[in-house]
Amino acid sequence: MFLFINVALHFTQIILRYTDPMDPKYATHKGLLETHELHKYIMENNVYPREPKPLKELRALTATHPWAVMGTAPEAGQLIEILLKVIGAKKTIEIGVFTGYSLLLTALAIPQDGKIVAIDMDRGAYEIGLPVIQKAGVEHKINFIESEGLPALDKLLEDPENQGSFDYVFVDADKGNYINYHELILKLLKVNGIVVYDNTLWFGTVAKPEDSVPEGYRRGRTAIVEFNKALAADPRVDISMIPLGDGLTICRRL
């Protein structure tokens, strides 16, 4: 299953078909805050003033893309940047790249000798953001692999030196494979390493009865609900679900 294409189809359905009386402008951002005014306040008074210039540039570039809603929410990115710096991440993985906002964020946050294995089927989307990454002087940290996620992770595991060696993993790809990614990631992640899963609140639909959810949401909702249940029962990780962007779940490998 294609990482980018599968996610893009889901989000296209959402943009074209979804209406929510509580949030009539949902397609303009994917925050789960109660009001747009509160979201705007947080963005303008906290997130945007501290957002590095290359990320602003890449966010503006991504805004012209028809599937711009797939980009990582800047407020979620702000938290991820702190996580990366707190744990001193140097060896990382990103599954699902799109135009590269979270990838660039990670590249800026890790040391000069840090490395990111970036996995996505759609090189074209990655190349939209590549000039900004190059201008920021961090392309040397990135190893872009044009591949489906599971085969790429299996390939990494073939090298014994990769097992239990990664500090951080970010997952924003096909939701149906989240549980499969999780099993492989735990083999690659070191003890106390962090994995962050995006979209774990799936536009708030996880808290709604299935029959009240628009059809275009249901497959993703089902996958995320099952994944969230599996994480809650997994004794191998500590977890925290954060209502930023479309929902982040942060896991620490025990």
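We count residues from 1, following the sequence as given.
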Item checked: Parallel, tilted or perpendicular, as decided by the 30° and 60° cut-offs, for the rings of H65 and W67 -> tilted

Notebook entry, point to check: Which of parallel (below 30°), tilted (30 to 60°) and perpendicular (above 60°) describes Y197 and F227?
Noted result: perpendicular

Notebook entry, point to check: What's the verdict on side chain to side chain contact (heavy atoms under 4.5 Å, CB included) for S240 and T249, showing C-alpha distance, side-chain angles and the deciding distance?
Noted result: CA-CA 6 Å; S240 180; T249 298; over 6 Å; no

Separation of [Y] [atom2] from [X] [atom1] (nearest 0.5 Å):
| X | Y | atom1 | atom2 | answer |
| --- | --- | --- | --- | --- |
| K190 | R253 | NZ | CZ | 11.0 Å |
| K187 | S165 | NZ | OG | 14.5 Å |
| Y178 | I95 | OH | CD1 | 9.0 Å |
| M70 | D198 | CE | CG | 10.5 Å |
| D159 | L156 | CG | CG | 8.5 Å |
| N177 | L150 | CG | CG | 4.5 Å |

Should [X] and [Y] count as side-chain neighbours, where that means a heavy-atom distance under 4.5 Å?
| X | Y | result |
| --- | --- | --- |
| T62 | T64 | no |
| V171 | V169 | yes |
| N162 | L157 | no |
| F170 | I93 | no |
| Q134 | L130 | yes |
| E146 | M121 | no |
| W202 | V225 | no |
| L201 | M241 | yes |

[X] bridged to [Y] by N-O distance under 4.0 Å:
| X | Y | value |
| --- | --- | --- |
| K40 | E37 | no |
| D211 | K208 | no |
| K229 | E226 | yes |
| E81 | R50 | no |

Between [X] and [Y], what is the shortest heavy-atom contact and its length?
| X | Y | answer |
| --- | --- | --- |
| I119 | G149 | CG2-CA, 4.0 Å |
| P49 | M43 | CD-O, 3.7 Å |
| A136 | L108 | CB-CD2, 4.4 Å |
| A89 | P111 | O-CD, 3.2 Å |
| T205 | Y217 | CG2-CD2, 3.4 Å |
| L231 | C251 | CD1-SG, 4.0 Å |

Answer with yes or no whether the side chains of [Y] and [X] bring together a donor and an acceptor at under 3.5 Å.
| X | Y | answer |
| --- | --- | --- |
| T106 | T92 | no |
| N192 | R252 | yes |
| N199 | K175 | yes |
| Q78 | N46 | yes |

Next item on the list: Decide side chain to side chain contact (heavy atoms under 4.5 Å, CB included) for Y181 and L153; before the verdict, give the C-alpha distance in whole Å, the side-chain angles of both, and the deciding distance to 0.1 Å.
Entry: CA-CA 8 Å; Y181 293 138; L153 295 179; 3.8 Å; yes

Next item on the list: Go through K155 and E158 one step at a time and tell me if the salt bridge (Lys or Arg N to Asp or Glu O under 4.0 Å) criterion holds.
Entry: CA-CA 5 Å; K155 187 69 175 177; E158 289 178 6; 3.5 Å; yes

Next item on the list: Indicate if I179 and L254 have the same hydrophobic cluster label, given that clusters are the connected sets of ILVMFWY residues with side-chain heavy-atom separations under 4.5 angstrom.
Entry: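 As far as the 4.5 Å side-chain criterion goes, L254 and I179 are not connected within one cluster.
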
If only atom types and distance count, is the side chain of [X] paired as donor or acceptor with the main-chain N or O of [Y] below 3.5 Å?
| X | Y | result |
| --- | --- | --- |
| D172 | G96 | no |
| D120 | D122 | yes |
| D167 | G193 | no |
| D234 | A230 | no |

Check: Which residue pairs pass the salt bridge (charged side-chain N to carboxylate O under 4.0 Å, His left out) test when at least one of the two sits in residues 51-70, sequence neighbours left out?
Finding: E51-K56, E51-R59, E57-K135

Check: Partners of T222 by side-chain hydrogen bond (donor to acceptor under 3.5 Å, both in side chains), sequence neighbours excluded?
Finding: none

Next item on the list: May I have the step-by-step check of side chain to side chain contact (heavy atoms under 4.5 Å, CB included) for Y168 and I110, ending in yes or no?
Entry: CA-CA 11 Å; Y168 168 85; I110 64 177; over 6 Å; no

Next item on the list: Show your working on side chain to side chain contact (heavy atoms under 4.5 Å, CB included) between L189 and V195 and close with a plain yes or no.
Entry: CA-CA 8 Å; L189 205 61; V195 52; 4.2 Å; yes

